[in-house]
Amino acid sequence: MSGGGRTIRVLNVAEKPSVAKAVSGILSRNQGLRVREGRSRYNKIFEFEYTIRGQPCNMAVTSVTGHLMELEFEDRYRKWNSCDPVDLYQAVVRKLVPQDKLDIKRTLEEEARRCQWLVLWLDCDREGENIAFEVIEVCTAVNPNLNIWRARFSALIERDIHESVQNLVRPNQLFADAVDARQEIDLRIGASFTRFQTMLLKDAFVLDGSGNDVRNMVLSYGPCQFPTLGFIVERYWEIQAHEPEEFWTINCTHTSEDGTATFNWMRGHMFDYSCAVIIYEMCVQEPTATVTKVRDQQKLKQPPYPLNTIELEKRASRYFRMSSEHTMKVAEDLYQAGFISYPRTETDSFSERTDLHAIVQEQQGHPVWGSYAQQLLDPGAGLWRNPSNGGHDDKAHPPIHPTKFSAGESGWSQDHNRVYELVVRHFLACVSQPAVGAETTVEIDIAGELFSVSGRMIIARNYLDVYRFESWGGSVIPKYLFGQQFTPTTLTLDSGVTRPPPLLSEADLLTCMDKAGIGTDATMHDHIKKLLDRFYATKDANTRFSPTNLGEALVMGYDDMGYKLWKPYLRSMMECDMKAVSLGTKRKSEVLETCLQQMKACFLDARLQKVKLLEAMAIFFDRSNRSSGDEQHVGGEVVRQCAVCQESDMVLKRKPDGNFMVGCLGYPQCRNVVWLPASISEATVTTQVCNSCNPGPVFMIQFKFRQMEIPPNYNVNHLGCIGGCDETLRQLREICGTGSRSSSSIPARGHGPTASSNTTQRPSTRQGTCTHCRQTGHSSNDCPSQTLHSQSVQSRARNFQSGEPSVMCTTCGAACPLREANTTNNRGRKFYSCQSRDCNFFVWADNVNSSTGAEDMSSSRPATSNSSSGARRGSRGRGRSSGRGGGRSSRAAAGRASTTGGTFVSATGEPISGRRCFVCGDPSHFANNCPSRGAT
DNA sequence: GCAAGGTC
C-alpha cells in the first residue's frame with residue numbers, strides 16, 4: 001500500500017462521533033482541521049491532509065452511531081398472525097438500514113463516491129467488525145472500486161492512532177460472521193417464543209396484576225432477558241424453600257478494666273444440640289480461660305481497581321441506590337458534556353501511557369477533594385501508588401475517569417453530581433496507597449475449646465480518606481498476654497437459626513449476569529429494565545428484585561417442561577459458537593444450522609408441552625373467558641369414574657391457588673368433588689388400585705405434604721385413597737382444612753406457603769454446592785455465612801409442632817411443645833423443649849417414655865386441647881430411638897435432661913452432682929440461666 | 001407487538 005505521487009481521497013468511518021473527532025484531532029494534530037456537516041446532525045465530517053506510508057491523502061473522517069443495519073424478517077412474516085411462529089426458523093431475513101439511519105447512509109454514499117480508500121475505525125471487537133462490514137456494504141454499493149482497510153487501535157491516544165493508521169490491515173470477515181450468526185439466532189428464537197407465549201397466554205388469563213393495558217402486553221422471550229429473570233426467580237425459590245435450622249453456639253465475654261472482649265467459638269456453631277451442650281457443660285465445669293495465642297499482624301485494605309461500566313453500575317446502585325439504567329443515562333450525559341471518559345467500557349486497567357498525574361492535577365482546585373489531590377501529587381506525602389490491574393481490557397476504551405474538572409454545574413441534577421463525584425473519587429482512590437491496619441487476634445482455651453477475638457486499629461487511612469463510600473471498622477480489645485489466665489465474665493450457650501439468603505440486589509444481579517456472560521457492559525442494564533417493563537419482576541426500595549407472578553409462572557412453566565430456557569446455558573453455548581466462528585474453527589452456516597435446528601426442535605416440543613405453561617400460569621392467575629378454547633381443557637389424571645353422575649371421570653386437579661382437588665369432568669352439570677388437605681405440596685395418581693373402595697377401580701394417589709403444616713406424627717409422604725377409606729386424609733382435612741372456598745385460609749396467590757411447596761422439589765435447592773458461598777459440603781440452608789443468632793423463638797413459632805404443648809417443664813413450669821428436630825443429624829427425631837425463651841429445658845421424646853428422670857415430667861400433664869397427641873407420642877416417639885454411633889453424641893442423648901432439685905440427670909438416669917453456676921455458685925442453674933447474667 | 005447489539 002505504499003504509494004506516493006498523486007493525492008488520494010480517503011473516507012474514514014468511526015463507530016461514534018466522538019471517535020471520529022478524536023481520531024481527526026490526533027492525526028491532524030489540530031493543524032488544518034476542517035469540520036463540515038453531514039446529512040445526519042450528529043455525524044460531522046472532519047477533513048485534513050495526512051500521509052499514510054508516503055501516500056499523500058485527503059482525509060475525510062465521519063462516523064456512524066453503532067450498528068447501521070438491522071436484521072428483520074421479510075414483510076410477509078412481519079405480522080404476528082401472518083405465519084406459524086415455527087416458520088420463523090426458516091423465514092427469509094434481510095439486513096436493512098432502518099429509517100432513522102438513512103441520513104447516515106446517505107452521507108456515507110456521498111463521501112464514498114469521491115474516495116479511493118475506505119478506512120474503518122470501528123471499535124476493535126466483534127460488534128465493531130460487524131459494523132465495519134455494514135459500512136462496507138453501503139459504500140461499495142456506490143463505489144465498488146474502493147480499497148478497503150481496517151485501523152486497529154487499542155486506545156484513543158496519539159501513539160496508538162498514528163501506529164494503527166500506518167499499519168492498516170484488512171477487515172476480519174470471521175469476526176463479522178460471528179455477529180451475523182448471533183443476530184440471526186437471537187431474532188429467530190426471540191420472535192418465535194415471544195409470539196408463541198404471548199398468543200398462548202395473554203388472553204387465556206386475567207393478567208390484571210400489572211395494572212397496565214393488557215391489550216398491549218407482550219410476554220417476550222429473549223436469550224438474555226430470560227436468564228436474567230431466571231436468576232431472580234431462582235433466588236426467590238431458594239428463599240421460599242429455605243427451612244430454618246436451629247443451631248447452637250457458645251459465646252464468651254471477658255470484661256476487664258481495659259474494656260470488654262467478646263470471644264467467638266472457633267467451631268462456629270453446631271447443629272447438634274446434644275454435642276453443643278456437652279461441650280458447653282465441659283466449659284462450664286472448668287471455666288478458666290488460658291490465652292494460647294496473641295498475634296499482631298499488619299493488614300492492608302486495597303483500593304478498588306480502575307472503574308469499568310459494570311463496577312460503575314454496581315457501585316452507584318450500592319452507594320446511591322440508582323438503577324443501572326439511570327446510572328448509564330447520567331453517565332452518558334456527563335460523557336457527552338466532556339466531564340468523564342467513555343462510560344461503556346470493560347477495561348479496568350490503565351494503559352501505561354495514560355498521564356494519570358495530569359488527571360489528578362485537574363482536580364486540585366476542588367473544594368472538597370482538591371486538597372487530597374494535592375497530597376497525591378506531593379512526592380513527600382507518599383500517598384501515590386500506580387493503579388492495580390483488574391485484568392479486563394476491551395482494547396477500545398480506557399477505564400472510566402474524569403476528563404474535565406467540575407465543582408458542579410448549574411444544570412446538573414443530584415445524580416449527575418453523585419456520578420461525577422463517584423468517578424472522581426474512584427479515580428483518586430485507584431492511584432492511592434491502600435489503607436493500613438494493625439490487627440490483633442487473641443485465642444483462648446477453655447476446657448479444650450478454642451475461642452478467639454480480633455481487634456483492629458487503623459494506622460493509615462490513605463485511599464479511604466477520599467473514597468468515602470468504603471469504610472473499614474476498627475475495634476478495640478483489651479491487652480492479653482500469652483499464658484494469661486482469667487475467668488470469663490459470661491459463658492453462654494446461645495441458639496440461632498439459619499436464614500435464607502437475601503433477594504438479589506441490582507449489584508448481585510449484574511454480578512450474576514457478568515459471570516454467566518449474559519449481555520454486554522453496554523446492554524446489561526437494558527435487560528434488567530426490560531424485566532421491569534414486561535412486569536416480570538419488581539424492584540423494592542432496597543434495590544432488591546422479586547419475580548412477579550407472571551415472571552415466576554413463565555419460568556416455572558418452562559422448568560416443568562424440563563427445558564432450561566431460563567438458565568444461562570443457551571447463551572453460553574451461543575457465545576462458545578460465536579467464538580468458534582470468529583476463530584475460524586466453525587463456519588457461520590454450520591453454527592446457524594445446528595443451533596436453529598436444535599432451537600426449532602425445542603420450540604416444537606415446548607409447544608407440545610404448552611399445558612405445562614398453562615398449568616403454571618393457572619397457579620397464579622384466574623382463567624379468562626376470552627381464551628380460545630383449545631387451552632381450556634387442562635385435563636387431569638383420572639382417579640376413578642364419578643360415582644354420582646356415573647358418566648364422567650373424576651380427575652386430580654390443582655387449582656389456581658395451588659390446592660388440590662379431585663373433581664368430576666362433568667362439571668358444571670355434575671358437581672361431585674373431593675376436597676384434599678391444604679397442606680399438600682405434590683400429588684400424583686399412581687397405577688395402584690385401592691382394594692377396599694367401591695365401585696372400583698379407585699386409583700391411589702401419592703401425596704407429599706408440607707412438613708411445617710402437618711402435625712409431627714404424620715408422614716410427609718402418603719399413598720392415599722380418595723374413595724373414603726383413608727383415615728389419614730380425613731384427619732388431615734380436619735386439621736389443615738381444604739382448598740375449598742368455604743374452608744380455605746391459604747393465600748389465594750402463589751406467594752407464601754403455596755409457592756414454597758412448588759419450590760422444595762426444584763433442583764436448584766438440592767445442589768451439593770452452597771448457592772450462597774459457592775462452597776461444597778453444605779447447602780445454603782446451613783451456610784455458616786448466613787446465620788444469625790437469637791432468633792429461635794420467632795422462627796419456631798411458625799412451626800406447627802410448636803403449637804402443641806404436651807408436657808410441662810419442671811424447671812420453670814411453662815409448657816413444652818413436642819418438636820421435631822430439623823438438624824442434619826437428628827432430622828425427624830422428636831423432643832420436648834420449653835417454650836420459655838429463658839429456660840433451657842430439653843429432653844428427647846424417646847427418653848420421656850423410658851425410665852429416666854424425665855419420665856415424671858411427661859406424666860405430669862398429658863397434652864392439651866389436642867386429644868390425640870398423647871397417642872401419637874407413644875406410637876412414634878418410641879420407635880425412633882437414637883440410632884447414632886457412640887461417643888460424645890450418644891452420651892448426650894438426654895440433652896439438657898433437666899435440673900430436678902438441683903441435680904442433673906443423665907440419659908441413663910444417673911444423677912450428675914457437683915455442678916453449679918460458675919457465676920453465682922448456685923447449683924440449681926447453669927451460668928447461661930443465671931439471674932445475674934443480665935447485669936454483666 | 002418479537003431479540004440483542006451498537007449508539008444519540
Side-chain angles (χ1 to χ4, degrees), chain A residues 13-20 40-44 63-73 77-83 85 87-89 91 93 95 97-98 100-101 103-104 122-135 176 178-199 202-203 213-228 309 328-329 331-333 335-337 342-344 394 396-397 513 517-530 533-534 565 570-571 574-575 578 596 599 603:
Chain A
V13 184
E15 189 159 323
K16 42 194 161 273
S18 61
V19 173
S40 144
R41 57 185 276 234
Y42 300 108
N43 307 84
K44 317 269 184 220
S63 55
V64 287
T65 46
H67 276 285
L68 185 59
M69 296 178 162
E70 266 176 18
L71 192 66
E72 56 180 36
F73 292 112
Y77 298 100
R78 302 276 281 281
K79 282 254 182 288
W80 279 39
N81 288 314
S82 64
C83 68
D87 296 342
L88 298 176
Y89 286 91
V93 288
K95 255 187 146 181
V97 179
D100 62 338
K101 298 279 174 78
D103 45 6
I104 297 178
L122 287 307
D123 290 357
C124 293
D125 52 22
R126 287 198 296 244
E127 294 295 332
E129 212 66 23
N130 190 270
I131 300 170
F133 278 86
E134 293 172 357
V135 173
V179 173
D180 280 342
R182 197 263 310 145
Q183 286 177 341
E184 194 173 328
I185 293 167
D186 282 347
L187 177 66
R188 292 186 192 276
I189 296 176
S192 58
F193 274 92
T194 300
R195 289 186 192 184
F196 158 66
Q197 64 186 28
T198 304
M199 294 193 288
K202 193 175 78 172
D203 291 333
D213 190 356
V214 175
R215 280 169 305 176
N216 295 329
M217 217 166 156
V218 172
L219 308 189
S220 62
Y221 175 89
C224 285
Q225 50 177 280
F226 239 60
T228 307
T309 305
M328 289 313 288
K329 213 172 260 167
E332 180 68 30
D333 287 347
Y335 163 68
Q336 292 291 336
Y342 190 67
R344 285 181 285 275
D394 63 15
H397 307 285
M513 295 170 75
I518 300 298
T520 67
D521 52 333
T523 60
M524 280 156 80
H525 65 270
D526 281 337
H527 302 310
I528 295 174
K529 182 166 183 290
K530 185 153 275 173
D533 292 345
R534 298 276 191 234
L565 289 171
L570 176 64
R571 197 69 190 168
M574 283 166 60
E575 189 55 39
M578 271 176 69
L596 289 174
M599 283 313 296
F603 176 84

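Given the structure is predicted, the values throughout are model-derived calculations rather than measurements. Lettering of chains follows the sequences in order, A, B, ..., and the numbering in each one begins at 1.
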Inset, instruction - Just call it for A:Y342: base, sugar-phosphate, or nothing, with non-hydrogen atoms closer than 4.0 Å on any strand. - result: sugar-phosphate
Inset, instruction - Would you indicate what A:R188 reaches in the nucleic acid, counting non-hydrogen atoms under 4.0 angstrom: base, sugar-phosphate, or nothing? - result: nothing
Inset, instruction - Tell me what A:S192 touches on the nucleic acid: a base, only sugar-phosphate, or nothing, going by heavy atoms under 4.0 Å. - result: nothing
Legend entry - Presence of A:Y77 side-chain N/O under 4.0 Å of B:dC2 phosphate oxygens OP1/OP2: no
Legend entry - Side chains of A:S220 and A:R534, donor plus acceptor under 3.5 Å: yes
Inset, instruction - Let me know, please, whether A:Q183 or A:R344 comes out on the 5' side of the other along DNA chain B by nearest nucleotide. - result: A:Q183
Legend entry - Pi stacking test for A:W80 and B:dG1: under 5.5 Å apart, planes under 30°: yes
Inset, instruction - Would you mind classifying the nucleic acid contact of A:P85 as base, sugar-phosphate or nothing, using non-hydrogen atoms under 4.0 angstrom? - result: nothing
Legend entry - Cationic N near anionic O, under 4.0 Å, A:R126 to A:E575: yes
Inset, instruction - Remember a base hit wins even if backbone is also touched, and classify A:R126 as base, sugar-phosphate or nothing at under 4.0 Å, heavy atoms. - result: nothing
Legend entry - Given B:dG1, B:dA3, B:dG5, the nucleotide with the shortest approach to the side chain of A:D186: B:dA3
Inset, instruction - Describe the nucleic acid contact of A:G128 in one word from base, sugar-phosphate, nothing, applying a heavy-atom distance below 4.0 Å. - result: nothing
Inset, instruction - In plain terms, say whether A:R182 and A:E127 are close enough for a salt bridge, that is, a side-chain N and a carboxylate O under 4.0 Å apart. - result: yes
Inset, instruction - Using a 4.0 Å heavy-atom cut-off across all strands, classify A:N130 as base, sugar-phosphate, or nothing. - result: nothing
Inset, instruction - Tell me what A:L71 touches on the nucleic acid: a base, only sugar-phosphate, or nothing, going by heavy atoms under 4.0 Å. - result: base
Legend entry - Residues, nucleotides or ligands: over 12 heavy atoms within 6.0 Å of A:K95 NZ: yes
Legend entry - Sugar-phosphate, base or nothing in reach of A:Y221, heavy atoms under 4.0 Å: sugar-phosphate
